[in-house]
Each structure stands twice: as structure tokens, then as C-alpha cells.
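Working notes for the structure below.
Being a predicted model, the structure only gives us computed values, none of them experimental. One-based numbering, in listed order, for ligands and for the atoms of each.
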Amino acid sequence: MNEAPSSLYVHIPFCREICAYCDFPKVIYDKQWVKPYLDSLFLEISSYGGSKYKTIYVGGGTPTSLEDGDFKTLLSFLSPLLEKGGEFSVEANPESLTREKASMMKEAGVNRVSIGMQTSSKRLLSLLGRKHAYEEVEKAVSVLREVGIENINVDWMYALPKESDEEFEEDAKAILALGVPHISAYSLILEEGTLFKSKGIEEEPEDRQAELYERILKILRGAGYRRYEVSNFAKIGHECAHNMVYWRDERYVGCGLGAAGYIANTRYKNTRNLKSYIEGNWLSEKEEVGPKDDMEYFLITNLRLEEGFALDAFQSRFGKDFLSVKKGYYEPLVGKGLLLIEGGRVKPSEKGMLLLDSILRNLI
Ligand code: SF4
């Protein structure tokens, strides 16, 4: 599979505050670096040619941490790169999503916004190092609706340190009250090098994480959301097209500090060093993907989806029949009721979605 990438990820690394759990490529906002960064970013994006993309996703960092003029410059540069009818997403933190920024997004053709809410609890927000309050999330959602952006995601982080049942229930109520069509729910994972890790804060036990996940599943399904990926829930028709590219393991261009991309048979990662990036030394790692790794990665990502993958898609990508190549590996999983092969597709069962690691350990 060598087709040209149809998706573009753009990373804006600036944040006004640094959160205690954060492992993303980011730097504290400093105005003097913004223009040089954007100049280098635009050069990098242009180096991939002038083609248009079906999806553009601006993530961070905090894209909305930029001042209005810089934010507008960014959106004006990206807007002509979007195919007609494409999906244009921007991540926003509630406290910096102003009416002006919402209007600029609408004007530039942004049609999906993802808000980093995480939790509604004052105690937990302060523990995470987030500077917003739930009321600002409500305000951000209504400002987006006022300008005509209805396709909104809210991030929900659960299994936070010592999160009580009451706090969890409050979050569930608060998130449902927003009435947005997409919710991403992730448990807190503590990576090396984060402030939490250095303070010795531990992740909640696995059984508590699993218990909360199953409660989320029940709550969100009860409210009319469909789980289409392990951590992602949407009202019908509001699935994120950009993230589907990752989960289907398709090609995409990634630009900006620490961004990753997958083009032809090469995966690459950009530098996390701001100075190097600004100097135009964008790339830090490049790896040619062999057929074995390609197949493994395909299974890891596609089986996160409730719909799994089509046997035809596997055949046309690898020139091999899944049922022959993985004979002896998939049957026990089908026997245990973890994997389903039906309607020409391979997908995890309801039980399998909770035990993906075990499926993948057996399959790859
Ligand atoms: S706002 Fe996001 S990127 Fe910035 S420090 Fe917090 S978690 Fe990290």
C-alpha cells in the first residue's frame, strides 16, 4: 500500500501551563518562539507538496494558547489544504476558547473541535494542574454552538488518583449535560518523566480502571453513544474521520514538534527539541516498515475498532488471506469468544474489547 496520505496532523506545542501528567511534546508558551515556530511549521507542511487532505487535525500542546493573530495565521494557512467536504479538527482548552477564536475557526472551515475537559471536579482538576473550571467547558461548548460548530468532542479522564465514586458520578453527569456528539474517555496513564511520576503518584489499580471503564460503557451507551473504538464514543455519524485513519493504519503526514507520520513504507518522528525544529531540522527518527511489522501494526490498530477490519482489506493490503496466514492463532480466540469472524470481517467480541491485549498477544 503506497497511496498518498490523505490526512494531515499539525502539532502546536505551546501551553500556558504544564499539566502534571503530560507526556506530549510541549513547551511553555513564550511569544518570541511563536512566529519562528509557525514559519518552520509552514515550510515543513509545504515540503510535503501542495496536495489537499481529506482530514486535517490540529493538536497540541494547546493550539488555542496562541494569540488571536497567530491563531488566524495558522488557520488561514491550513484552510486551503482541506478538500471540499473534509474534516477540519482543532483541539482547544476550555479557558482559551474565546468567542473570537471560535469565530475564526468557523470562518476558516474548522468543523470539529475537541475540548480538553478531563474532569469536572475542582479537586481533581487542581491535582492534574489544569487551570479551568467546569463552567468554562460549558461556556466553550455554547460559544462553539453559537458560531455554528456543533461537532464537538470532550475528553474525559477517569481513574484519576484516589478518584471517589461520587467524583466519578459527578463527571458522568457533567459530561452528559453538555450534550456533545463525541466523547473520548481515557484512564490516567502515568508516563516516565511526568511530574506525577516524579512525585511517586501511582496509577489506580487495574481492577478499578476496568470497573470504571465498564461503568462508562454502560452510562454512555445508555445515553445513545456508540463505542466505535475502545476509548471513543459517538452519536451515529460523528465518529472522528481523522482518528479513523490512525486506527485503520492508513498513511498520514504529521508536521510540527514531536509529530509522527507514516508515508509509503516509512514511519517517522519529528524532533522534540524546539530549537532544532525552528532551525528546520524537523526529523529525528525514520524507519522503514517491513511486511511483518506492518501486519502487526495493522492488527494492533484495527482491532481497537468495534468494526475490526474486512478480510478483503487485509488481502489487498498484504496480498495474503488472513484466515490462512493466522490459521492456528485466531481459532482459539474465536473458541474463547474473544474474536468474531462474521460478514467478511474480523472483530473483537464484546468480551474481546475488554481483553484486547490478550487477543493481540495470541495473534501477533
Ligand atoms: S494542556 Fe495538554 S499538552 Fe499542554 S501540558 Fe496540559 S496535557 Fe500537556
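Taking the ring centre of Tyr268 as origin, the terminal cationic atom of Lys286 falls outside the region bounded by 6.0 Å and 45° from the ring axis. The side-chain tip of Lys235 points at the ring of Tyr225 from less than 6.0 angstrom away and within 45° of straight on. Because its NZ or CZ atom is not both nearer than 6.0 Å to the ring centre of Tyr213 and within 45° of the ring axis, Arg208 does not count as a cation-pi partner of that residue.
For ligand 1, the atoms sitting less than 4.0 Å from at least one non-hydrogen atom of Gly61 are 3 (S), numbered in the order shown with element in parentheses.
In this pair, Tyr21 and Phe196 present their aromatic rings tilted. The plane angle is within the 30 to 60° band.
Within a radius of less than 2.8 Å around atom 6 (Fe) of ligand 1, the protein N, O or S atoms are Cys19 SG.
Side-chain polar atoms of Ser120 and Asp171 form a donor-acceptor pair below 3.5 angstrom.
A side-chain hydrogen bond (donor to acceptor under 3.5 Å, both in side chains) with Tyr57 is found for one member of His242, Glu87, Glu91 and no other, namely Glu91.
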